[in-house]
Structures are given as C-alpha cells and as structure tokens.
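In what follows, a structure is listed as structure tokens, so that the remarks can point back to it.
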Amino acid sequence: MRIIETDRLYLREFALQDADFLFTLNNDEEVLKFTGDSAFIDESEAITFLNNYNDYEKNGFGRWVVVKKDTDEAIGWNGIKLNEENLIDIGFRFYRKEWNKGYATESSLGVLDYSFNKVGCDKIIGRASINNIPSIRVLEKIKMNFWKQGNVEGLDESLYYTISKNQYSNLFPTS
C-alpha cells in the first residue's frame, strides 16, 4: 500500500520481502558511515529486524521503503520515528548509486507533508553527524532550521535541525 506519493517516488511500509533490499543497503560502508548503525551479519538478521519492526502499530508511523515509480525498485527508506529523546525524528537512507538525484529531498518533503497533515505532528527534528554534509544539505533544502549541536547515540558531534507544522505550512502552503 502506498503511504506517500511524490512525482517520482512512492513510500510504503516495510514487508518481509524487503529483507534482501535492507541487507544490501545496510552492508555498504559508505551508506552506514555516519549512522552509528552496524551492518546486518546476514539476510536472516534483516528478517529478524523486519519481524520485530513495530513502529507502525506502536506509533502510527515509521520508516517507509522509498520506491521509484517508473521501475518499482526499492532505492532506500525515509520516514519518521519516535526517537530515544522522545522527539519525532525524520531519517533517510539510500543506495549509494541513487545519491545526488534529489530522492532524499523529494521523499523527505513528502514525509513532512504526511507527518504534519495526516499524522498530526506539531514538530519534527532531523539529526546528522557534523561530518555528514550531504544529509545536512537535505535537512536545509527541506527548510529545517539549525537548532543545536549534541551527541546522538553512536555518533559524537551531531547537528539537530527542526521544523514546526506552522513553519512548514507557511513555507509550503497547500493549494
């Protein structure tokens, strides 16, 4: 089921058939470089992750698979989660071959719109390692504002960005 649609992409919930996709995505050292996450040992670990992923039921939202409309190919994930600081946090991860094509920005704008207008979020934050310039650029392109610097689990020196529903509505008014 398509949760979010943009011009080139759609986002859907994770499913067990995504195990190979997630295993491959999370085994690229460059993709994981600034995440603080570890690679899956094998595909069965990805299956275990998917079997235990309960954010949709628990919170009514989560991370979603990003799929290209023209090829129906999963290229990454994007979405929101309730993080360890009890803040709603946008995050994204894409295959390296899909970097610099605007997919992170496009899907993130779709996630913000859905989060504010369907989920009912009042404020969303984004966090990135101070050295993760591409992710920082995405957060800035979606009009998030620098909030503070701090440490995120698994990462030292991260930058926090934020946007409220009112700020989003003023920047991206609906027609």
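Values in this document were obtained by computation on a predicted structure and should not be read as measured data.
For Thr162, there are no side-chain hydrogen bond (donor to acceptor under 3.5 Å, both in side chains) partners at least two apart in sequence or on another chain. For Asp42, there are no salt bridge (Lys or Arg N to Asp or Glu O under 4.0 Å) partners at least two apart in sequence or on another chain. In this structure, the side-chain contact (heavy atoms from CB on, under 4.5 Å) partners of Ile130, at least two apart in sequence or on a different chain, are Gln149, Glu157, Leu159. Scanning for side-chain contact (heavy atoms from CB on, under 4.5 Å) contacts around Thr105 gives Leu109, Val138, Lys141, Ile142, with sequence neighbours left out. Residues forming a side-chain hydrogen bond (donor to acceptor under 3.5 Å, both in side chains) with Asn131 (at least two apart in sequence, or on another chain): none. Ser38 meets the side-chain contact (heavy atoms from CB on, under 4.5 Å) test with no other residue; sequence neighbours excluded. Scored by the side-chain contact (heavy atoms from CB on, under 4.5 Å) test, Arg8 finds Tyr103, Glu106 as partners (sequence neighbours excluded). With sequence neighbours excluded, no residue satisfies salt bridge (Lys or Arg N to Asp or Glu O under 4.0 Å) with Lys123. Residues forming a ring-ring contact (aromatic ring centres under 6.0 Å, His included) with Tyr160 (at least two apart in sequence, or on another chain): Trp147.
For Ser135 and Asn132, the side-chain atoms include at least one donor-acceptor pair closer than 3.5 Å.
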Name each donor-acceptor pair under 3.5 Å that joins a side chain in residues 64-71 to protein atoms two or more places apart or in another chain, with its distance.
from, atom 1, to, atom 2, distance (Å)
Lys69, NZ, Glu5, OE1, 3.1
Lys69, NZ, Thr6, O, 2.6
Thr71, OG1, Glu73, N, 3.3

Atom pairs and distances, donor-acceptor, side-chain atoms in residues 13-23, under 3.5 Å, two or more places apart:
from, atom 1, to, atom 2, distance (Å)
Asp18, OD1, Arg12, NH2, 2.7
Asp18, OD2, Arg12, NH1, 2.9
Asp18, OD2, Ala15, N, 2.7

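At most 12 non-hydrogen atoms from other residues, nucleotides or ligands lie less than 6.0 angstrom from CG of Asn100. Counting heavy atoms of neighbouring residues, nucleotides and ligands inside a 6.0 Å radius, atom NZ of Lys118 does not exceed 12 of them.
Here Asp37 pairs with Arg93 in a salt bridge; the nearest charged N to carboxylate O distance falls below 4.0 Å. Using a 4.0 Å cut-off between charged side-chain N and carboxylate O, Lys165 and Asp122 make no salt bridge.
Between Ile3 and Tyr56, every side-chain heavy-atom pair lies at or beyond the 4.5 Å cut-off.
One distance of note links OH of Tyr95 with CG of Leu25; it measures 6.0 Å at 0.5 Å rounding. The CD1 atom of Ile124 lies 5.0 Å from the CD1 atom of Ile80; values are rounded to the nearest 0.5 Å.
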Does the pair Asp89 and Lys81 meet the rule for a salt bridge (Lys or Arg N to Asp or Glu O under 4.0 Å), with working shown? CA-CA 5 Å; Asp89 180 5; Lys81 74 174 185 176; 5.2 Å; no
Do Glu85 and Arg127 pass the salt bridge (Lys or Arg N to Asp or Glu O under 4.0 Å) test, and can you show the C-alpha distance, the side-chain angles, and the key distance before you say yes or no? CA-CA 12 Å; Glu85 297 175 280; Arg127 306 178 295 182; 2.9 Å; yes
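Listed by first and then second residue, the salt bridge (Lys or Arg N to Asp or Glu O under 4.0 Å) pairs that reach into residues 43-66 come to none, sequence neighbours excluded.
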